[in-house]
*Asks:* 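Got a structure for you, questions after.
Numbering starts at 1 and runs along the sequence shown.
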Amino acid sequence: MVSKKSNHSVKRFNTLADVMEASGFPPPKHPLIVLLNGVDKPLKGRAPNKSHVLNYYKIAFKPDAGGELMYGKTKFDFKEGGLFFVAPQQILSSIEENDKEETAEQKILSPQITLLIDPDFLLQYPLAQKIHQYHFFSYAANEALHLSTKEKETILSLFRDIEEELENRIDDISHNVIISQIELLLNYSQRFYNRQFLTRKQNYPSLTDRIDQLLEDYFNSDKVLNTGVPTVNYLADQLHMSASYLSDLLRNLTGQNTQQIIHDKMIYRAKNKLSATALTISEIAFELGFEQPQSFSRLFKLKTNQSPQQYRAQFN
């Protein structure tokens, strides 16, 4: 996010050539993919000096200490190092420190590795669609992947393989090879994220309790009448997480994603109302945030294999 003292507008980079030129690098050898390796050799270029929107995928690997970077509304501390992912149309922002012209992102550009991929590079490959299944592209920056020493070695090796292919082996099969290498990088990242969820379980001992309380408070307030059914985004905002990260974290902790937990909570409340009150089906649906009773009835039957009327009949 740009400092309030800055009047800079958000800069949009439509091509890799645009951002390379703005950063002081020569044009990319391939117009649709570029890898900048500041780990094995110093980078002479500099990052864009204001907030910018990318029209391509960005994967950045920072192995060691550095500085801070704003990603959306979240400050990411690079002091631990790690791997983070940006999807097209995300805003990346630098933080101005002490009113200096040099930004934090410029200071941490090296040593790190940055892989930039135009979506067109993936066209006609299954990865063009599969890449949307890697939810970490929509994680917030403070939900970056923190790697063990062994994992860092694996990731660094994969980046170097991609760099080798791009620099020295451009031929009629290199595109296929690079696509495979990118997919391997993403699959390892998914594996390491799953490890991170598991090893950080102790950091979230009361997460499900907090979600239960948030939903309880939601249903007992005017929010349900004014806003409707509670959403994944609502819970994520309250917990200061991205929606994707929260769902993946819960899936690893409980076997259910956020939406499933919300649905279970609504069905639990619905059962209580059906068994212990004389409220009509429409009134119960309304109190749970549904605009249409039919939507409530469909969800209830999907979850219980019974209609609300059938469930209530057991208690009459």
*Asks:* With a 3.5 Å distance limit and no angle check, can you tell me whether Q196 reaches the backbone of A144 through a side-chain donor-acceptor pair?
*Replies:* yes

*Asks:* Would you say M266 and K303 make side-chain contact, with heavy atoms under 4.5 Å?
*Replies:* no

*Asks:* Show the numbers, then the answer: is there a side chain to side chain donor-acceptor pair (under 3.5 Å) between D217 and Q213?
*Replies:* CA-CA 6 Å; D217 293 344; Q213 190 59 55; 2.8 Å; yes

*Asks:* When you measure from the side chain of E21 to the backbone of D18, do you find a donor-acceptor pair of N or O atoms at a distance under 3.5 Å?
*Replies:* no

*Asks:* Do L225 and I262 land in one hydrophobic cluster if side-chain heavy atoms of ILVMFWY residues count as linked below 4.5 Å?
*Replies:* yes

*Asks:* Can you tell me if S23 uses its side chain to pair, donor with acceptor, with the backbone of M20 under 3.5 Å?
*Replies:* no

*Asks:* Give a yes or no on whether the backbone of S244 and the side-chain of S247 come within a donor-acceptor separation of less than 3.5 Å.
*Replies:* no

*Asks:* Using a 6.0 Å cut-off, check whether atom CD of Q314 has over 12 heavy atoms from anything other than its own residue.
*Replies:* yes

*Asks:* What do the steps show when you test R12 against N55 for side-chain contact (heavy atoms from CB on, under 4.5 Å), and what is the final call?
*Replies:* CA-CA 8 Å; R12 180 176 294 276; N55 276 5; 3.2 Å; yes

*Asks:* Identify all side-chain donor-acceptor contacts of residues 228-243 below 3.5 Å with residues at least two apart in sequence or on another chain.
*Replies:*
{"residue": "T231", "atom": "OG1", "partner": "Y234", "partner atom": "N", "Å": "3.0"}
{"residue": "S242", "atom": "OG", "partner": "E143", "partner atom": "OE1", "Å": "2.6"}
{"residue": "S242", "atom": "OG", "partner": "Y245", "partner atom": "N", "Å": "3.2"}

*Asks:* NZ/K152 to NZ/K62 distance, rounded to the nearest 0.5 angstrom?
*Replies:* 10.5 Å

*Asks:* Measure across R312 and L274 and return the closest heavy-atom pair with its distance rounded to 0.1 Å.
*Replies:* NE-O, 3.0 Å

*Asks:* Is it the case that one hydrophobic cluster holds both L123 and I182, taking links as side-chain heavy atoms less than 4.5 Å apart, direct or via other members?
*Replies:* no

*Asks:* Before you tell me yes or no, could you show the steps for K130 and L186 under side-chain contact (heavy atoms from CB on, under 4.5 Å), namely the whole-Å CA-CA distance, both residues' side-chain angles and the distance that decides it to 0.1 Å?
*Replies:* CA-CA 10 Å; K130 185 179 179 182; L186 297 177; over 6 Å; no

*Asks:* Does S157 reach the main-chain N or O of E153 with its side chain, forming a donor-acceptor pair under 3.5 Å?
*Replies:* no

*Asks:* Got a sec, which residues hit side-chain hydrogen bond (donor to acceptor under 3.5 Å, both in side chains) with N168, two or more places apart in sequence or on another chain?
*Replies:* E164

*Asks:* Under the rule for ring pair (Phe, Tyr, Trp, His ring centres under 6.0 Å), what residues qualify as partners of Y268, not counting sequence neighbours?
*Replies:* none

*Asks:* To check you understand the geometry: which heavy-atom pair defines the closest contact between T227 and Y218, and what is its length?
*Replies:* CB-OH, 3.5 Å

*Asks:* Kindly check if the number of other-residue, nucleotide or ligand heavy atoms within 6.0 Å of CD (Q129) is above 12?
*Replies:* no

*Asks:* Just to verify, what does Y56 make a ring pair (Phe, Tyr, Trp, His ring centres under 6.0 Å) with, not counting sequence neighbours?
*Replies:* none

*Asks:* Are there more than 12 heavy atoms of other residues, nucleotides or ligands under 6.0 Å from atom OH of Y311?
*Replies:* yes

*Asks:* Please work out which of the three classes, parallel, tilted or perpendicular, describes the rings of F136 and F85, given edges at 30° and 60°.
*Replies:* tilted

*Asks:* Please list all pairs passing the ring-ring contact (aromatic ring centres under 6.0 Å, His included) test where one or both residues lie in residues 163-190, with sequence neighbours left out.
*Replies:* F121-H175, Y125-H175, Y188-F192

*Asks:* So how far is it from F159 CZ to I59 CD1, rounded to the nearest 0.5 Å?
*Replies:* 5.5 Å

*Asks:* Would you name the heavy atoms of E283 and T280 that are closest together and state the gap between them?
*Replies:* OE1-N, 2.9 Å

*Asks:* Restricting to side chain to side chain contact (heavy atoms under 4.5 Å, CB included), what partner residues turn up for K29, sequence neighbours left out?
*Replies:* E167

*Asks:* What I want to check is whether the side chains of D161 and Q181 have a donor and an acceptor closer together than 3.5 Å.
*Replies:* no

*Asks:* Treat each ILVMFWY residue as a node, draw an edge where side-chain heavy atoms are under 4.5 Å apart, and state whether L83 and L184 are in one component.
*Replies:* yes

*Asks:* Does the pair L288 and F296 meet the rule for a side-chain contact (heavy atoms from CB on, under 4.5 Å), with working shown?
*Replies:* CA-CA 8 Å; L288 291 173; F296 162 64; 3.7 Å; yes

*Asks:* CD/E151 to CZ/R195 distance, rounded to the nearest 0.5 angstrom?
*Replies:* 4.0 Å

*Asks:* Working to the nearest 0.5 Å, report the span between CD1 of I117 and NE2 of H30.
*Replies:* 11.5 Å

*Asks:* Taking atom CD1 of I33 and atom CG of L115, what is their separation to the nearest 0.5 Å?
*Replies:* 5.0 Å

*Asks:* Do Q260 and D264 meet the criterion of a side-chain donor-acceptor pair at a distance under 3.5 Å?
*Replies:* no

*Asks:* Within the distance-only criterion (no hydrogens, no angle test), does the side chain of T254 pair as donor or acceptor with the backbone N or O of R251 below 3.5 angstrom?
*Replies:* no

*Asks:* So how far is it from L166 CG to L35 CG, rounded to the nearest 0.5 Å?
*Replies:* 6.5 Å

*Asks:* Going through the checks in order, is the side-chain contact (heavy atoms from CB on, under 4.5 Å) test met by D118 and T15?
*Replies:* CA-CA 8 Å; D118 192 301; T15 68; 5.7 Å; no

*Asks:* Identify the two heavy atoms, one from Y134 and one from Q190, that lie closest to each other, and give their separation to 0.1 Å.
*Replies:* CD2-OE1, 4.1 Å

*Asks:* Provide the closest heavy-atom pair for N252 versus F197 in the form atom of the first, atom of the second, distance.
*Replies:* ND2-CD1, 3.2 Å

*Asks:* Ignoring hydrogens, what is the shortest heavy-atom contact between E291 and P293? Give both atom names and the distance.
*Replies:* O-CD, 4.1 Å

